[in-house]
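First listed ligand is number 1; within each ligand, the first listed atom is number 1.
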Amino acid sequence: MLAEVKDLTKRFGKLTAVDGVHFSIPAVEAFGLLGPNGAGKTTTVSMMCGLVVPSGGDVVIDGHSILRDPMAVRRSIGVVPQDIALYPTLSARENLAFFARMQDVPTDTLAARVDAVLDIVQLADRQKDRVETYSGGMKRRINIAVGLLNQPKLLILDEPTVGVDPQSRNSILETLKELNRQGMTLLYTSHCMEEVEFLCTHIAIIDHGKVIADGTQRDLRLQAGNKDIISIQLERGAGDVVRDRLAALPGVDSVELRDKTVRIATDQGRSLLAGVISALDDAGYPVMTIDVKEPNLEDLFLNLTGTSLRD
Ligand SMILES: Nc1ncnc2c1ncn2[C@@H]1O[C@H](COP(=O)(O)OP(=O)(O)OP(=O)(O)O)[C@@H](O)[C@H]1O
Ligand SMILES: [Mg+2]
């Protein structure tokens, strides 16, 4: 494991913002920490970076404990904070050079590192412009570039797409996916299910300071017992005979039939569509519309907490 978060706890007065959080990040994974506003994501990652002192527990990254050897941890990680931390009146290049010196990037490689990260976030052509003249999405990209300066083994990103337009958001997510493909381990926090589903192979869901689900994306979908739901509208109402016929198809778990409306639960979703349509055709009940809904992390969150992830 590249990173292990062990029983991590943070109390602010009476509030336990992070309550015994436990997860492990395997090397070269993109790990998502998904949770609603106030769940404890920022507090968790701040403790992982050594910015907030834990009330209990420990974090071990690349073999080093954040409690015993925070400097060694900092050398292994790059951090992209939730709030943009840049000097507005300096150019992007000046900002990056400043942060590179702060991170002890060796002087003889500093210019090359700045060039490299500007290329990664695709802002080399704007590098001499002051950051205050940048769009929200461009500032976000420079914020990410800062996290990449020291060539970290683990890049920790705290909601790096908040407040950016959809196009910049996609470009950020694609950039991160490519970095991950090249072998960089990511810890990505978000309250946005779609982003985590797009980017992350492993996911921990956090709510009220506690991890309520943890596993691969596939594990989590199965964990809630979610099935794909195939919804069908027939041209005319059908009865038990049709229901039994559909229920007998391999891969079908259950069938609900009310007049013209059929709902089939299955693990096999799309691959079942052709068989369902032809079975109904054979029975003399042509399909008007058919639709598959695959279970997602939103459903899982709803099942576990009774509330929606969305605001
Ligand atoms: N320094 C602090 N002092 C007191 N309470 C705090 C402090 N920092 C965070 N909290 C509280 O801890 C809880 C968790 O906050 P945190 O910022 O970790 O959540 P989050 O999951 O990052 O939320 P968001 O998605 O809004 O960024 C919240 O109730 C917050 O008000
Ligand atoms: Mg936060």
Item checked: Donor-acceptor contact present, side-chain N180 to main-chain V28, <3.5 Å -> yes
Notebook entry, point to check: Does T42 bring an N, O or S atom to under 2.8 Å of the Mg ion (ligand 2)?
Noted result: yes
Check: To which protein heavy atom is atom 23 (O) of ligand 1 closest, and what is the distance rounded to 0.1 Å?
Finding: G38 N, 2.8 Å
Margin query: I'd like to know if the Mg ion (ligand 2) has an N/O/S atom from T189 within less than 2.8 Å of it, counting both backbone and side-chain atoms.
Written below: no
Check: Would you say G35 has any N or O atom under 3.5 Å from an N or O of ligand 1, going by distance alone?
Finding: no
Margin query: I'd like to check atom 21 (O) of ligand 1 in this structure: does the protein have a heavy atom lying under 4.0 Å from it?
Written below: yes
Check: Does any pair with a residue in residues 234-272 pass ring-ring contact (aromatic ring centres under 6.0 Å, His included), and if so which ones, sequence neighbours excluded?
Finding: none
Next item on the list: Taking atom types as modelled, find out whether Q122 and S171 have a side-chain donor-acceptor pair closer than 3.5 angstrom.
Entry: no
Item checked: Pair E178 + R181, salt bridge at N-O below 4.0 Å -> yes
Margin query: Check contact between K10 and ligand 1, using heavy atoms of the residue and a distance below 4.0 angstrom.
Written below: no
Next item on the list: Could you tell me whether H191 and ligand 1 have an N or O pair separated by under 3.5 Å?
Entry: no
Note to self: Just to confirm my output: which protein heavy-atom neighbour is closest to atom 19 (O) of ligand 1, and how far is it?
What the structure shows: G40 N, 3.2 Å
Item checked: Cluster link I156 to V60, ILVMFWY, side chain under 4.5 Å -> no
Next item on the list: For atom 18 (O) of ligand 1, grab the closest protein heavy atom and report residue, atom and distance to one decimal in Å.
Entry: T43 OG1, 2.5 Å
Check: Going by an N to O cut-off under 4.0 Å, is there a salt bridge joining R93 and D115?
Finding: yes
Check: Say you draw a straight line from CZ of R113 to CG of D108; how long is it, rounded to the nearest 0.5 Å?
Finding: 13.0 Å
Note to self: Any salt bridge linking K6 with D58? Criterion: basic side-chain nitrogen under 4.0 Å from a carboxylate oxygen.
What the structure shows: no
Next item on the list: Starting from atom 3 (N) of ligand 1, locate the nearest protein heavy atom and write down its residue, its atom name and how far away it is, to 0.1 Å.
Entry: F12 CD2, 3.4 Å
Check: Which residue owns the protein heavy atom closest to atom 12 (O) of ligand 1, what's the atom, and how far is it?
Finding: A17 CB, 3.2 Å
Note to self: Applying a strict under-4.5 Å side-chain criterion to I, L, V, M, F, W and Y, I'd like to know whether L186 and I25 cluster together.
What the structure shows: no
Next item on the list: Report, in ascending order of atom number, the atoms of ligand 1 lying under 4.0 Å from any heavy atom of N37.
Entry: 23 (O), 24 (P), 25 (O), 26 (O)
Check: ligand 1 versus P36, non-hydrogen atoms closer than 4.0 Å: side chain, backbone, both, neither?
Finding: backbone
Check: Backbone N or O of V105 within a donor-acceptor pair of the N150 side chain at under 3.5 Å?
Finding: no
Notebook entry, point to check: Considering only heavy atoms, which of Q82, K41, M47 lies nearest to atom 27 (O) of ligand 1?
Noted result: Q82
Next item on the list: Determine the interplanar angle of the F98 and Y87 rings, folded into 0 to 90°, and report it as parallel if under 30°, tilted if 30 to 60°, perpendicular if over 60°.
Entry: perpendicular
Checklist line | Sub-3.5 Å N/O-N/O distance, A39 and ligand 1 | finding: yes
Note to self: Can you name the atoms of ligand 1, numbered from 1 with element, that are less than 4.0 Å from a heavy atom of T42?
What the structure shows: 17 (O), 18 (O), 20 (P), 22 (O), 27 (O)
Check: Given that the side chain starts at C-beta and the backbone is N, CA, C, O, which of these parts of L15 lies under 4.0 Å from ligand 1, counting heavy atoms, or is it both or neither?
Finding: side chain
